[in-house]
Amino acid sequence: QVQLVESGGGLVKPGGSLRLSCAASAFTFSDYYMSWIRQAPGGGLEWLSHISTSGSPTQYADSVKGRFTISRDNAKNSLYLQMNSLRAEDTAVYYCARVRDTHGSGTNDYWGQGTLVTVSS
Amino acid sequence: DIQMTQSPSSLSASVGDTVTITCRASQGITNYLAWFQQKPGQAPKSLIYATSSLQNGVPSKFSGSASGTDFTLTISSLQPEDFATYYCQQYHTYPPTFGQGTKLEIK
């Protein structure tokens with residue numbers, strides 16, 4: 001059973017930084033692109049970033065480009081999201097998700113349970 | 001960015017009913033359309049990809065179709081566990097974008 005477990009969320013002040021992690025298991029992590037997707041409280045889903053199997057190339061939503069960095073460690077079966085210059089509007093549940101295949105820009109077949117990031121002073 | 005417009009935003013139905021949710025893309029996306037189900041406090045769950053292909057383990061009561069840039073999710077014989085919020089997603093072009101969601105409620 002594919003499992004994705006996010007961690008690292010919490011309360012951070014505006015302008016601060018946070019690093020999210022996602023531990024993957026029960027599949028060959030290095031074979032799959034991975035994504036970060038977020039959901040603001042009571043809101044819809046927003047795709048943030050993709051990373052290829054090797055770590056490059058990467059893609060970002062305009063809303064986070066230059067502030068967030070996606071990375072992975074295939075030896076540790078782990079995905080990361082470094083978030084800098086955080087703003088109140090970054091408050092959301094952050095999900096990591098496996099990319100099904102490389103058709104189009106990729107959709108997601110398995111999602112983690114999410115980790116909550118709250119940006120507030 | 002490609003805009004995905006879902007309708008209706010909310011829908012009331014009874015157990016046993018068949019319902020249809022529609023998603024319209026602002027431009028052509030060929031068949032790169034997925035549907036997700038989300039229950040309160042849970043992560044989204046993949047139902048359908050490539051317009052009409054069922055994710056492993058998803059019952060055949062869920063089906064998808066398309067006509068041009070209009071995409072449809074049909075859920076037949078509604079059961080209590082089907083009442084949730086449903087999202088469409090286009091993945092033809094970066095960035096992948098989601099519809100605003102359709103909340104399916106018990107009448």
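Lettering follows sequence order; numbering is per chain, from 1. Nothing here was measured: the structure is a model prediction, and the numbers come from that model.
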Let me see the donor-acceptor pairs closer than 3.5 Å between chain B and chain A, or none if nothing turns up.
residue : atom : partner : partner atom : Å
Q38(B)  : OE1  : Q39(A)  : NE2          : 2.9
Q38(B)  : NE2  : Q39(A)  : OE1          : 2.8
Q38(B)  : NE2  : Y95(A)  : OH           : 3.3
S46(B)  : OG   : R100(A) : NH2          : 3.4
Q55(B)  : OE1  : R100(A) : NH1          : 3.2
Q55(B)  : OE1  : R100(A) : NH2          : 2.3
Y87(B)  : OH   : Q39(A)  : NE2          : 3.3
Q89(B)  : OE1  : T107(A) : OG1          : 2.5
Y91(B)  : O    : S105(A) : N            : 2.6
Y91(B)  : O    : S105(A) : OG           : 3.1
Y94(B)  : OH   : H50(A)  : ND1          : 2.9

Legend entry - Same apolar cluster: M34(A) and V2(A), side chain cutoff 4.5 Å: yes

Legend entry - Among the listed options P44(B), G101(B), G41(B), the residue most often paired with chain A at heavy-atom distances under 4.5 Å: P44(B)

Legend entry - Cluster overlap I21(B) with F98(B), hydrophobic side-chain contacts below 4.5 Å: no

Legend entry - Linked, directly or transitively: I75(B) and I106(B) (ILVMFWY side chains, under 4.5 Å): yes

Inset, instruction - Following the transitive rule for hydrophobic clusters with a side-chain heavy-atom cut-off under 4.5 Å over Ile, Leu, Val, Met, Phe, Trp and Tyr, establish whether V99(A) and I70(A) coincide in one cluster. - result: no

Inset, instruction - Check whether I37(A) gets within reach of chain B through its side chain, its backbone, both or neither, counting any heavy atom under 4.5 Å. - result: side chain

Inset, instruction - Indicate, with yes or no, if L47(B) and L78(B) share a hydrophobic cluster defined by side-chain heavy-atom contacts under 4.5 Å among Ile, Leu, Val, Met, Phe, Trp and Tyr. - result: yes

